[in-house]
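Residue numbers start at 1 and run along the sequence shown. Note that the coordinates shown come from a computational prediction; the quantities given were computed from them, not determined experimentally.
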Amino acid sequence: RHPIYGGLLLLCFGIAIISNSASRLVLTGVLYLVLDKKADLEEDSLMQTFNDYGKYREKTPGKLLPDVQRILSAEAPSGSGSKATDV
């Protein structure tokens, strides 16, 4: 639901790992906490503004990163050769 936040966290994590920097890794953890709280506040506002946001939120798990386990466990299409999903 917040892919830019997730992308930023992955970028910071990757930089911390590549640069072998413990302080950058800690700062990435702090950034995660800040973005998680910010996303909660934004979602509270969206719930008040849009009546159907709660349904979208239930249908779209994974606040900062997609729910990979759910994506991988989705059933394969039967014979059509393509798969249409609500993203």
Quiz item: Can you name the one residue among V30, D36, L35 that meets side-chain contact (heavy atoms from CB on, under 4.5 Å) with Y32?
Solution: D36

Practice problem: Please check if atom CG in L33 has more than 12 non-hydrogen atoms from other residues, nucleotides or ligands closer than 6.0 Å. | Solution: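 Yes, CG of L33 has more than 12 neighbouring heavy atoms, counting only those of other groups under 6.0 Å.
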
Just how far is it from atom [atom1] of [X] to atom [atom2] of [Y], taken to the nearest 0.5 Å?
X   : Y   : atom1 : atom2 : answer
R1  : L65 : CZ    : CG    : 11.5 Å
I15 : L25 : CD1   : CG    : 12.5 Å
L64 : L10 : CG    : CG    : 10.0 Å
D44 : T49 : CG    : OG1   : 10.5 Å
E42 : Y53 : CD    : OH    : 8.5 Å
I18 : F13 : CD1   : CZ    : 10.5 Å

Exercise. Quickly, which of E43, K38, K63 forms a side-chain hydrogen bond (donor to acceptor under 3.5 Å, both in side chains) with H2? Name it, please.
Key: E43

Practice problem: Give the cluster check for Y56 versus M47: same hydrophobic cluster or not, with ILVMFWY residues linked at side-chain heavy-atom distances below 4.5 Å. | Solution: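 Same hydrophobic cluster.
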
